[in-house]
Structures are given as structure tokens and as C-alpha cells.
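Remember, it's 1-based here, ligands and their atoms both numbered in the order they're listed. One-based numbering along the sequence shown.
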Amino acid sequence: MCGIVGYTGPREAFPVVLKGLKRLEYRGYDSSGIAVLNNGQMNVFKKKGKVAELEEDVIGKNVQGNIGIGHTRWATHGEPSDRNAHPHQSQSGELAMIHNGIIENYTQIKQELLSKGYSFKSDTDTEVLLNFIEDIKKNNNCPLEEAMRIALKRVVGAYCILLISAEYPETIFAARKGSPLVIGIGKGEHFLASDASPIIEYTKEVVYVNDYEIAIVKPDELILKNLGNEKQTPFITKLDMELAAIEKGGYDHFMLKEIHEQPETIFDCLRGRLLAQSGQISMSGIENNLDAFINANRIIIVACGTSWHAGLIAEYLIEELCRIPVEVEYASEFRYRNPVIHPGDVIIAISQSGETADTLVALESAKEKGAFIFGVVNAVGSSIARLSHAGAYTHSGPEIGVASTKAFTGQLAVLAMMALKIGYAKGTIDENRYRHLLVELESIPEKVKEILKDTSNIERIAKKYKEATDFLFLGRGYNFPVALEGALKLKEISYIHAEGYPAAEMKHGPIALVDEHLPVVFVATKDSYYQKIVSNVQEIKARKGMVIAVATEGDEIIPGMADDVMLVPDADEAIAPLLSVIPLQLLSYYVGLAKGLDVDKPRNLAKSVTVE
Ligand code: G6P
């Protein structure tokens, strides 16, 4: 939530920061702004709307300077507007600051500052924190770094802040707690950002700043300190990411590119781990902790959004293949309700970004209670990856489209391998089924390729139903979470109201909605529930509902009953979601496109939700 970029070095800072903001726009895009220092002169440019609007707004203005900070916002405190856009300036005008996160006790601090005569130009918590720092600096007559330390010790909440000051014409001051910050190490220059995507084209050497650390960043010097003013040794990591991975590569949208990347990303996820011929799965995170899984009394899966849906599918997989009870929790609910966690419980955290605030905080408290945390994460080096005791990366590459697609199938591939590996070691899956599922899993990338070969039928269906105001998505068993995911994708991308439901449960309510205007999407591939779902389709048709079915190639019944069909190749039901979700991703993409919406940046959403 909110993207942050900073630069200090010999280059012109503005274009570097602006380009970085475009790369981080998936984190928020309701307003943006950049502050640069030019010979000690602070210039701030900000604009409501997407980064392109800021770019247009500065045409003809002097944006020179070799040090700059920039921000793309997802509003928390105060509506999206020029006034609330970051960077904010302190009362004296000397300091400029950007912030990702939420200062929870800002009202109290604001009251204190108001009583001292401060006034505020915005409604943000950021401006409060900034003036708080300025006030401490003035009263204590101390260096800025010291004032930051004092202020941050009083702050409750999450933050990643970058600060520049006319008094320090070459230095960016940064600090984080709960919101991510990466520093790229160049030759005589430094880059700061919320993730590595703005940095990758300049350097692959990065330092991930830890919570409660302050970074003092000059062109040729990086100092890290904790809030106790003790120096910390920066740990330099080499990025394993190419620039091409974060560009559109000829596709109209990141979402479409990412949908089409799935044969490769699933293959990359399985590569080196799944050895179907020799009947092996190699996953060091599981191997090194096999006892914890085998002896687990229960597994709790914690996640949000699409990752939560992957968790629901994992529940079916783990319970079937490993016979371990699984609970799937929304991180935001789990963390606040004082859950019962025993040492020996295994928590699986699923997160694309590895930065989702609710998931992160839920894990921190579970860790304190002695649970073993296993992370299924896409973003390498992210906060959740680092907090986990062990884990498995999904290797899906950077996902830029706000609605998750390839990360979801990467999660499913990892979770399927985990369930197979644990179940086999535990003896809860027989040799034949184990071998069969390995071969099935290995064939998934080719089958996804087949679905993606010709998407014109899905595009046609999308155009046909684009004016619908509601959709119902139904599925049973492994396909029930796929129905939920299909509904979520459609809501996110097309702004059409959609509900996902277990197909049998529809009789207890949603069937009342069915009439000739309601498209009902059935995820009805050939599995052990097939006969039952055929009956459910009939129940909808009897009430004049319009049925769109995801069905298995060669099926002769469902296509005859449905108004429209999207076919997928046959697969074992335990891994069929890896296929049945693909037409639903495409359906939402093409509906959004047909409605002329910004599919990569749907309104009000952000990719990485780093506020609670
Ligand atoms: C946001 C994104 C979703 C994502 C969810 C969880 O809502 O828009 O696509 O599924 O956050 O994010 P995570 O990074 O933890 O998977």
C-alpha cells in the first residue's frame, strides 16, 4: 500500500524517482508526488490521480536536483487530492517526507502540536509525524536523525518514511517498521524503494532494511542504526530478477501477460522440485522440518484475498493426502480474536507480496506463542519470508497486475507438492495415487498452455455478459474455492457484483436470486462431485438462469446444458483448480476490458496491502 522511491547520487533525481513510481503504481494510484532538493532549495510537486498526471503536470517546471523522494498513494487518512498527496512539508518548509503505513496515535500527537500553534495543510497522519519530528528537533536543538529516533519511539503503528531536509543537501533519512524498504547500492549513488522493481535497472546489490532501523543514505555512504543509535551492519543481497520480468513484453496489460506466463511460471515452480519419473519431491523447507509437519496436531493456514483462496484449496489437499486437520483463517480475523495456538501447531502463511500487514502481524503473534511458521511466498526477501522459520518460494516472478493470477497458480503448485511430500512421508497416501499425482502435476504447464492457445471463445462470452449487474459462481469440493476466486476476480476487475458459493449451498439462499438476468458460472469439471453438479446446473436452468460452465474437454453432458462453455483439459481433481481457474481469470480480464476499465489498476485496490 503506497509506493516509495528515493534517489541520491550524481543523476537527475526526478526522472529516476518518476520511473520508479510508475513501477510501484500497483501499490496505490490515487495521487502521487515528488520532492527534490536543488542546491538546498526544496521543490515539491504533487498531483491527484495516477503518476502519468504528475508527469504531465510538471512539464515546463524546473524539476532539477540530485536528491529526491517520491510517493504513489493509496489513501488511508484523507481523501485522494493534491493536498493530501505526499510528499508533505513541515511547518518551516525545511523538511519533506513520504510515508507508507498508518500512524495509529496520530490524533493525540496532532492535538499536542495544535496546542503548540502548529497548523496542518492536509488530513494525513504523515504531516502530523513530520511536524512532530520537526518540533522535537527544534526543542532539543538536535540533529534530524536524533529527532527521528525520539519521534519514532513514540509512534504506534506502521511506517516506512523517507525524509529530506535543506540542511542535509545530499542525505535521505529513512526508517521502517512494518512497511517494506529496500536500498539499492550503486557506484556513488543509492536508490531507495518499497520493493526492488524501481532499483533493478541500476543495480542488483540491495539491502533490505529491518524493522526499527534508521538508514542515513548519502551518495557514497549507507549507515544503518537501530532506534537505540547503535550501528547495524548492512547485509547486502544480490537480486535474482531481470528487468524484462517487470515490463509488459508486448502485452496490452500486465494482467494478460501474467495470465499467459502461467505455463512457464508453474513450470519454474515445479522445476528442480518435482521429479515425477523417480517419484520424488525435493523441497528443503519441508525436508528439514518434516517432523514438525508429520507430528502436527493441526495446520492453520493464514492469508488474505486470493492467497486465502489458495489456502482453502490446500485445506482439501492436506486433509485428503496427509490426514492432518486444517483451519484456514483470514489473517485479519485470526490476529484479533486471541486464537488458541499451541507450541507444535504449524502455521502456513500464504502471501504473494510477503508484505500484507494483517498476515505479517498474525504471524508475529503466532510465532511468539511458539508456533512453527512456514511461508509460501512469492516475493523473495520480503517481510513474511524473513519472519518464517522455513518456507517455499512460488517462483512466479514479479506480479504487477493488481489482481493476482500467476501467483495464485504458483501457490497451488507449491501447496500440492507440500501435501504430496508430507502425505507420502506420513504414509497417508498410497504409492499409486502419489505417483499418479506427480505425473498429473508435471503435465499442468502443458495443459495450461493448451487453454491459453485460443482465448477467443472466452472473449466472446465476456462481451455477451458484460452488462450483467450480478454473477453467481458455484463449485463443489476442490472447485468451490475456485468459484470464490472467480467471483473475486470479476469483482476486482469489472466492478460487477459477484458471489462465490458451494454449489449445494446455493439452495439455502442464492437460488432466490436466479432469473433470466443472472449469469451463473459453474466450475463443473469431471471429478467425484460431477453427478451432483450436473443436478445443480439443472436446478439453475429450471429457473431460467444463464449458465456458463467451466467443463472438461470431452464432457458430453454439461456442454449440452449450459448456455456457454469454457473447456479445460482433464486432470485429477486434486490439482484441477490449477486449470479451472484460468478461464475465470480470462473471463474477468475480458469483461473488464470490454467495459473499458483499467484492468491493471482497478479503482480503490492496491496490490500490496501494508496497512491493517
Ligand atoms: C490484495 C491484492 C490481492 C491479494 C491480497 C493478498 O488484496 O489485491 O491480489 O490476493 O492483497 O496479498 P498477498 O500479497 O498477501 O498475497
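Using bins of under 30°, 30° to 60° and over 60° for the plane-to-plane angle, the ring pair Tyr478/Tyr316 lands in the tilted bin.
Residue pairs meeting the side chain to side chain donor-acceptor pair (under 3.5 Å) criterion with at least one partner in residues 594-603, sequence neighbours excluded, are Lys50-Asp598. Here salt bridge (Lys or Arg N to Asp or Glu O under 4.0 Å) pairs that include residues 466-485, with residues two or more places apart or in two chains, are Glu485-Lys489.
Checked against ring pair (Phe, Tyr, Trp, His ring centres under 6.0 Å), His389 has the following partners two or more places apart in sequence or in another chain: Phe372.
To the nearest 0.5 Å, atoms CD1 (Ile422) and CD1 (Ile286) are separated by 4.5 Å.
The number of heavy atoms from other shown groups lying within 6.0 Å of OH (Tyr251) is above 12.
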Nitrogen or oxygen contacts under 3.5 Å, ligand 1 side and protein side:
{"unit_1": "ligand 1", "atom_1": "8 (O)", "unit_2": "Val402", "atom_2": "O", "d": "3.4"}
{"unit_1": "ligand 1", "atom_1": "8 (O)", "unit_2": "Ala606", "atom_2": "O", "d": "3.2"}
{"unit_1": "ligand 1", "atom_1": "9 (O)", "unit_2": "Val402", "atom_2": "O", "d": "3.3"}
{"unit_1": "ligand 1", "atom_1": "10 (O)", "unit_2": "Thr306", "atom_2": "N", "d": "3.0"}
{"unit_1": "ligand 1", "atom_1": "12 (O)", "unit_2": "Thr356", "atom_2": "OG1", "d": "3.3"}
{"unit_1": "ligand 1", "atom_1": "14 (O)", "unit_2": "Ser351", "atom_2": "OG", "d": "3.4"}
{"unit_1": "ligand 1", "atom_1": "14 (O)", "unit_2": "Gln352", "atom_2": "N", "d": "3.4"}
{"unit_1": "ligand 1", "atom_1": "14 (O)", "unit_2": "Ser353", "atom_2": "N", "d": "2.7"}
{"unit_1": "ligand 1", "atom_1": "14 (O)", "unit_2": "Ser353", "atom_2": "OG", "d": "2.6"}
{"unit_1": "ligand 1", "atom_1": "14 (O)", "unit_2": "Thr356", "atom_2": "OG1", "d": "3.4"}
{"unit_1": "ligand 1", "atom_1": "15 (O)", "unit_2": "Ser351", "atom_2": "OG", "d": "2.6"}
{"unit_1": "ligand 1", "atom_1": "15 (O)", "unit_2": "Thr356", "atom_2": "OG1", "d": "2.4"}
{"unit_1": "ligand 1", "atom_1": "16 (O)", "unit_2": "Ser307", "atom_2": "OG", "d": "2.6"}
{"unit_1": "ligand 1", "atom_1": "16 (O)", "unit_2": "Gln352", "atom_2": "N", "d": "2.7"}

